[in-house]
Protein chains: 2
Amino acid sequence: MPPAHSPSSPGSPNSAAPQGTSIVGSTNDTIDTLDGRLIRLLAEEPRIGVLECSRRLQVARGTVQARLDRLQAKGVIGGFGPEVDPAAIGYPVTAFATLEISQGQGSDVRAHLAGVPEVLELHTITGIGDMMVRIVARSNADLQRVIDRVVGFDGIVRSSTAIVLENPVPYRILPLVDQAAAE
Amino acid sequence: MPPAHSPSSPGSPNSAAPQGTSIVGSTNDTIDTLDGRLIRLLAEEPRIGVLECSRRLQVARGTVQARLDRLQAKGVIGGFGPEVDPAAIGYPVTAFATLEISQGQGSDVRAHLAGVPEVLELHTITGIGDMMVRIVARSNADLQRVIDRVVGFDGIVRSSTAIVLENPVPYRILPLVDQAAAE
DNA sequence: TCCTCCGGTGGGCATTCTGTACAGCGGTGC
DNA sequence: GCACCGCTGTACAGAATGCCCACCGGAGGA
C-alpha cells in the first residue's frame, strides 16, 4: 500500500465539509458520531495507528489526532492500558461481597481493602450494605482465604458474598458509546 | 536521540543471560516477573512502543515482542482498547441491580439485558438473587427509566438496586499482576 | 455587515518505530 | 552428549509519527 492518503477528489485540494456531525457544541457536551466511530474503531482494532484510523474513517490524519487528544483531555478516554484477564493469571474465581461497616470506620476500611491485591474494585453503595467489593481468588477454597483477609478487619460488622457463576455479558462500553454519540 | 540502541557492552556482542526469572515452566503456568514488569509498564504508559519498552526493561526488543505475543496468545492480555469513562460521556450514575429470575427464563433474560446499552456487565451469581447487573444512567431520575427497562421483562420476578455513591478503589489489576508475577 | 476564531483538509519534512530476519550463546531436559 | 528453546545483538526496508504550513468555511461576537 503506497503512502498516499487516498484523496477522493485528487484535483481539488480543498473540500472542507465537517464530518461526523455539525460541531455545534461538541466542545463542552459529550461526543459526536465521529468520536463514537473513532472509539469503536480503536476498541475493535487497538493495534492500528492514527494514520490507519484516518484512512478507515475517511478523514484527515490531523483530525483523528486532534479528536484523540481532545477525548483524552476531556477524560472520555482514560488510557490504552492492556486488559488483563484475572483468570489467565491464575485467578479464575470472581465474587462480589457486600460489607456492612460500623460508624466512622469508613476510611480505615477503605485503606485496608485497597491493600488487598485480590480486591479489584470497591464501591460505597446505598441499600443493605455499605460497601461492595469485587474480589478474585485462585479457587473456591482460596476464596475463603481472600474473604477472611477482606473481612478480617475491625469496622466490618457483617458481610455476605455472592460467587460469580457465569459472565454472560462481560464489561462493555461500546453500546453506550454508540448511544451517547447518537444523542 | 540517535537511532543507536544503547549497548551496555559495545564490544562483546553476546552476553545472553535470561532476565525476568528462570524460565522453568513459564510456558504453561502464569506469568513471570518480566511479564509483570512489562504489563505494569504498558499499563502506566500505554503510548510507548515495543522499542521503548525494551529500553526501559533493559532487554532486547525481540524479547519484548515475543513476550507480548505470548501474553496475547495465552489470553493474559486481551487487548489495548481505549478505557472510556461513562461519566465523561454523560452517564455519571452507576448502580448494581440484583435480579431474581423465574425458572427456565435465564437465556431470554440474558438476551434482553444484553440489548440494553446501559447494562455494562452481567453476571449470574449464587446467593439471594440469580443475576447481578452493573448499570449506568444520566441521572438519578434517568436511573428510574433504565431500571424500568431492565426489569420490565417477563421472567424477572424481583429486583433490588444499590446506587454507587463513591468509588474509592476504581477497577485495577496491577496489584494482582504483581502478586501473580511474584508467585 | 464584517471580522475573528476554530475545526477540518491536504501536503511535506525529518525522525522514529515496526516487522522481519539472521547467527550466536547458554540453560533445560531427554 | 545433544537438541530445543529463549534471549541477545544486529541489520534493513517500509511505514508511521510528530510537527509544520497554508487554506477553506461555518459560528458567533463586534
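As a basis for the values below, the full set of heavy atoms in this structure was taken, side chains included, without hydrogen atoms, waters or symmetry mates. Throughout, protein chains are lettered first and strands after them, A, B, ... in sequence-line order, and every chain is numbered starting at 1.
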Between [N] atom [atom2] and [X] atom [atom1], what is the distance in whole Å?
{"X": "L51(B)", "N": "dT8(D)", "atom1": "CG", "atom2": "P", "result": "14 Å"}
{"X": "E52(A)", "N": "dT18(C)", "atom1": "CD", "atom2": "P", "result": "16 Å"}
{"X": "L68(B)", "N": "dG6(D)", "atom1": "CG", "atom2": "P", "result": "15 Å"}
{"X": "D32(B)", "N": "dC7(D)", "atom1": "CG", "atom2": "C1'", "result": "12 Å"}
{"X": "L57(A)", "N": "dG10(C)", "atom1": "CG", "atom2": "C1'", "result": "17 Å"}
{"X": "F80(A)", "N": "dT17(D)", "atom1": "CZ", "atom2": "P", "result": "12 Å"}
{"X": "I48(B)", "N": "dT17(D)", "atom1": "CD1", "atom2": "C1'", "result": "16 Å"}
{"X": "D69(A)", "N": "dG8(C)", "atom1": "CG", "atom2": "P", "result": "12 Å"}

Among [options], which nucleotide has an atom closest to any side-chain atom of [X]?
{"X": "R61(A)", "options": "dC19(D), dC7(D), dC17(C)", "result": "dC19(D)"}
{"X": "Q65(A)", "options": "dC17(C), dA16(D), dG18(D)", "result": "dG18(D)"}
{"X": "A60(A)", "options": "dT9(C), dG8(C), dT8(D)", "result": "dT9(C)"}
{"X": "V50(A)", "options": "dC7(D), dT17(D), dT18(C)", "result": "dT17(D)"}

Does R70(B) place a side-chain N or O at less than 4.0 Å from the phosphate oxygens OP1/OP2 of dC5(D)?
->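 Looking at the OP1 and OP2 atoms of dC5(D), neither is under 4.0 Å from any side-chain N or O of R70(B).
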Short side-chain N/O contact from R67(A) to OP1 or OP2 of dG7(C), under 4.0 Å =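 Result: no.
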Is there any side-chain hydrogen bond (donor to acceptor under 3.5 Å, both in side chains) pair reaching into residues 159-177 of chain A, and which pairs are they, with sequence neighbours excluded?
->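 Every side-chain hydrogen bond (donor to acceptor under 3.5 Å, both in side chains) pair that includes a residue of residues 159-177 of chain A, provided the two are not neighbours, is E166(A)-R110(B), N167(A)-H123(B).
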Partners meeting side chain to side chain donor-acceptor pair (under 3.5 Å) with E45(A) (sequence neighbours left out) =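 E45(A): side chain to side chain donor-acceptor pair (under 3.5 Å) contacts with R56(A).
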Nearest non-hydrogen partners of C53(A) and V64(A), listed with the distance |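 Minimum heavy-atom contact is CB-CG1, 3.9 Å.
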Linked, directly or transitively: L34(A) and I48(A) (ILVMFWY side chains, under 4.5 Å) |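 Cluster IDs for L34(A) and I48(A) match.
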Chi angles and distances behind the side chain to side chain donor-acceptor pair (under 3.5 Å) call for Q65(B), D69(B) = CA-CA 6 Å; Q65(B) 239 145 4; D69(B) 289 346; over 6 Å; no
Could a donor-acceptor pair under 3.5 angstrom be found where the side chain of R47(A) meets the base of dG19(C)?
->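 Donor-acceptor pair under 3.5 Å: no.
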